[in-house]
Novice: 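Attaching a single structure in structure tokens format; questions to follow.
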Number of protein chains: 2
Amino acid sequence: MSKPTIYSIAQRCGVSAATVSRAFNRPELVSEPVREQIMAAARELGYQPSSAARGLVTGRAETIGLIVSDITNPFFPLLVRAVQRTAERMGSALMLVDAEESAAAEVAHVARLRSRVDGVIVASPRSSSAALREAARGLPCVLLNRPLRDLSSVICDNTSALFDAGDHLYKHGHRSFALLAGPSASWAAARRSQAIRRWARGRGVELTELGPFRATFKGGRQAGAALLETAATAAFAFDDLTACGVLAELAGRGVAVPGERSVVGCDDVLLAKTVTPSLTTVTAPMDDLGETAVQVLTRQIEAPGGAPEHVRLPGVFVARDSTGPRSGS
Amino acid sequence: MSKPTIYSIAQRCGVSAATVSRAFNRPELVSEPVREQIMAAARELGYQPSSAARGLVTGRAETIGLIVSDITNPFFPLLVRAVQRTAERMGSALMLVDAEESAAAEVAHVARLRSRVDGVIVASPRSSSAALREAARGLPCVLLNRPLRDLSSVICDNTSALFDAGDHLYKHGHRSFALLAGPSASWAAARRSQAIRRWARGRGVELTELGPFRATFKGGRQAGAALLETAATAAFAFDDLTACGVLAELAGRGVAVPGERSVVGCDDVLLAKTVTPSLTTVTAPMDDLGETAVQVLTRQIEAPGGAPEHVRLPGVFVARDSTGPRSGS
DNA sequence: CGGGGGAATGAAAGCGATTGCATGGATTCT
DNA sequence: AGAATCCATGCAATCGCTTTCATTCCCCCG
């Protein structure tokens, strides 16, 4: 027997297909006994409404797309989880694509998803603003961690948390700092560097800028090596992955952390807690970020052409074991 | 103007909708000039075929589902990438759901995906065999890392690599081992434990079994603590995450690795290379696993009701810095 | 020069749902 | 009692595409 449809059920219950459809979508329009009979038949036949058919008539795919620049970056899994969970709560499925770090792939994927989703979330896009704008034309779209005037965005702003991080180090007696800058193409990297510079200026402490380094473990090792050539006793790494590289490099050279140098990361990926010493870092509110992104997107979908929304969520400083009092002196 | 359809294009080009459809799907059936004209018009109008409409008539969603038991487990990102990449090459999109470690959620998600995908891959399922079988009834399905007679499966078999790991330790002079068992509900855990037992028996060395421990960082710390109460100089952790926990616990207690104890993990997640010391482990062929799973699934989709396939891919032992010669003695 | 065959195209029937409108019966109001 | 409502349901159009079958036109061969 082929897949059950509303017609199989209708026939079996001696009603019309419309009634079956209503029993599912507007149950209050169907009398109780009929509705129950229909539900029973549906369960018995293992009926599942065809989302293609429904999508065709409603014009909604009940699906959203999520494009991540690099799924292997430990930053993303928690985000993916939050997005998926929220989407599901809103009755939508999640289509995930991994751009594998290619800007070109990003926009190509947006194009490919167009016909299958109601809207997309692009996380930490690497593409140019123009390319993004063009790719999203006529498609509800929310950017994550990348502001852009004409498109909605949800960003995590770590400025104040980085100030806290700086103060934390300052209180521990540190007076000479290093800024291990992230990739120059990254909006987040620019923003973080800027925050740290401002903080250092405000505090009147010495700040040595190094980099940019790639946002990878290897890049972190290079950053660590560079750090050792300075007199800085504390360093701000671009993100946790970089920070882990720094830690590894320092450990490899027998430099104690936090004994001789303190290191702070950013993002608070899973890695941060598991590495030794555990990382002092800035926690990004992943759940909120993902949830908010989906909500904003949903609004865009329901009111196409509406004004773009911009949401800013702050990160939170968290002290762990990679920072401590300034060494000996 | 509303979304362009094949009709808009047909009208614009003075041909019928059927011709437009053919121009896309069976270009050899359309004369060259007409085809080009259609393509030009399509590009100009920004036409994107509605996959809902196509899906409705072809009965194919051109989408596959991937259910992972826990996306935050570092084992998965590479797998997701491999699956997505392969699916895309086959012209399919990927719907991802995260069961958040709940067995009940797994089967519920299979049910939810049913109507939107052509088939599903369930990675490292936690559900009971019966529940899985029932959930997959009538839906092409491939299990990853979980064999089950009536369903197709792709598994990573680490038996021989674990033998290599044992031999590697043996050559370094170790004679007393600990087995830090993984969750008892996990097929992989059972299989790995069994392999290690067999190896130890074959070698005639002492093997202390500890656990089971949860497959998390915390579980690893407990395992590390337990390890220290034994005289074993080398330990097999269930997976890399556990191994990282062990490392952290040992480091926290000032026990040198590999100086005093050697530790081997399993899976070779990203973490394994980044942790200090880097983990000696067993590399799972993620790309192959993902690719094979999609291929097997595709075959199931094309030949529904065909016999289930079972593929077994071996892991590969890789020595890094968490293992070394037996301590002093 | 007539007919067979092939290539290019069109007409139309669905695919499985949703939904506006029409209908008929029961209920209520005056 | 007749009219006005209202509720539950059915009819039929529609969403955008694929695909079968029929049609037309042209070329080639006997």
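Letters A, B, ... are given to chains in the order of the sequence lines, protein chains preceding strands, and every chain is numbered from 1.
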Novice: Heavy atoms under 4.0 Å, any strand shown: does B/Ser21 hit a base, just sugar-phosphate, or nothing?
Specialist: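 It contacts base atoms.
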Novice: Among B/Gln300, B/Arg299, B/His310, which one satisfies side chain to side chain donor-acceptor pair (under 3.5 Å) with B/Ser152?
Specialist: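 Only one option passes, and that is B/Gln300.
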Novice: Look at the side-chain N and O atoms of A/Ser50 and state whether any lies under 4.0 Å from the OP1 or OP2 oxygen of C/dG16.
Specialist: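 It does not, given that no N or O in the side chain of A/Ser50 lies less than 4.0 Å from OP1 or OP2 of C/dG16.
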Novice: On the nucleotide D/dG10, are OP1 or OP2 found under 4.0 Å from the side-chain N or O atoms that A/Ser16 carries?
Specialist: yes
Novice: Give the C-alpha distance, both sets of side-chain angles, the deciding distance and a yes or no for salt bridge (Lys or Arg N to Asp or Glu O under 4.0 Å) between A/Arg85 and B/Asp98.
Specialist: CA-CA 8 Å; A/Arg85 186 193 293 155; B/Asp98 170 23; over 6 Å; no
Novice: Whole angstroms only, please: what is the CD-C1' distance between B/Gln48 and D/dG16?
Specialist: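 For the pair B/Gln48 CD and D/dG16 C1', the rounded distance is 14 Å.
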Novice: Kindly determine whether A/Arg54 and A/Glu62 satisfy salt bridge (Lys or Arg N to Asp or Glu O under 4.0 Å), including the steps that lead there.
Specialist: CA-CA 10 Å; A/Arg54 162 188 277 134; A/Glu62 309 280 65; 5.4 Å; no
Novice: The test is salt bridge (Lys or Arg N to Asp or Glu O under 4.0 Å); show your working for B/Glu291 and B/Arg89 and say whether it passes.
Specialist: CA-CA 10 Å; B/Glu291 183 170 341; B/Arg89 231 184 23 233; 3.4 Å; yes
Novice: Measure from CZ on A/Arg54 to P on D/dC15 and round the result to the nearest Å.
Specialist: 19 Å
Novice: Reckon B/Phe24 touches a base, only the sugar-phosphate, or nothing at all at heavy-atom distances under 4.0 Å?
Specialist: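 B/Phe24: no heavy atom of the nucleic acid under 4.0 Å.
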Novice: C/dA17 phosphate, OP1 or OP2: any side-chain N/O from A/Tyr47 under 4.0 angstrom?
Specialist: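 A/Tyr47 to C/dA17 OP1/OP2: side-chain N or O found under 4.0 Å.
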Novice: Rounded off to whole Å, could you give me the CD-to-P distance for the A/Glu62 and C/dA17 pair?
Specialist: 15 Å
Novice: Is B/Ser31 close enough to C/dT9 that one of its side-chain N or O atoms is under 4.0 Å from OP1 or OP2 there?
Specialist: yes
Novice: Measure CZ/A/Arg60 against P/D/dG16 and give the value in whole Å, please.
Specialist: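 One finds 15 Å between P of D/dG16 and CZ of A/Arg60, rounded.
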Novice: For B/Val20, which contact category applies under a 4.0 Å heavy-atom criterion: base, sugar-phosphate, or nothing?
Specialist: nothing
Novice: Whole angstroms only, please: what is the CG-P distance between B/Asn25 and D/dT19?
Specialist: 7 Å
Novice: Provide, to the nearest angstrom, the distance between the CD1 atom belonging to A/Ile6 and the C1' atom belonging to C/dG16.
Specialist: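 Value for this atom pair: 6 Å.
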Novice: DNA chain D: A/Val57 or A/Thr19, which has the more 5' nearest nucleotide?
Specialist: A/Thr19
Novice: Closer than 3.5 angstrom, by distance alone: can the side chain of A/Asn145 be matched with the main-chain N or O of A/Cys156 as a donor-acceptor pair?
Specialist: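 Pair found, side chain donor or acceptor close to backbone of A/Cys156.
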Novice: Side chain of B/Ala18 only, please: which of C/dA12, D/dC17, D/dC11 is the nearest?
Specialist: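 The nucleotide sitting nearest to the side chain is C/dA12.
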Novice: On DNA chain C, does the nearest nucleotide to B/Arg35 precede the nearest nucleotide to B/Leu56 from the 5' side, or the other way round? Give the residue.
Specialist: B/Arg35
Novice: In whole angstrom, give the distance that lies between atom CG of A/Leu29 and atom C1' of C/dT18.
Specialist: 13 Å
Novice: Of all the nucleotides listed (D/dT19, C/dA17, D/dC17), which has the minimum atom distance to the side chain of B/Thr58?
Specialist: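 So the side chain of B/Thr58 is nearest to D/dT19.
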Novice: Consider the side chain of B/Ala53, meaning its heavy atoms from C-beta on, and name the nucleotide among D/dT20, D/dG16, D/dT9 that approaches it most closely.
Specialist: D/dG16
Novice: D/dT9 C1' sits how many Å from A/Ile9 CD1, rounded?
Specialist: 17 Å
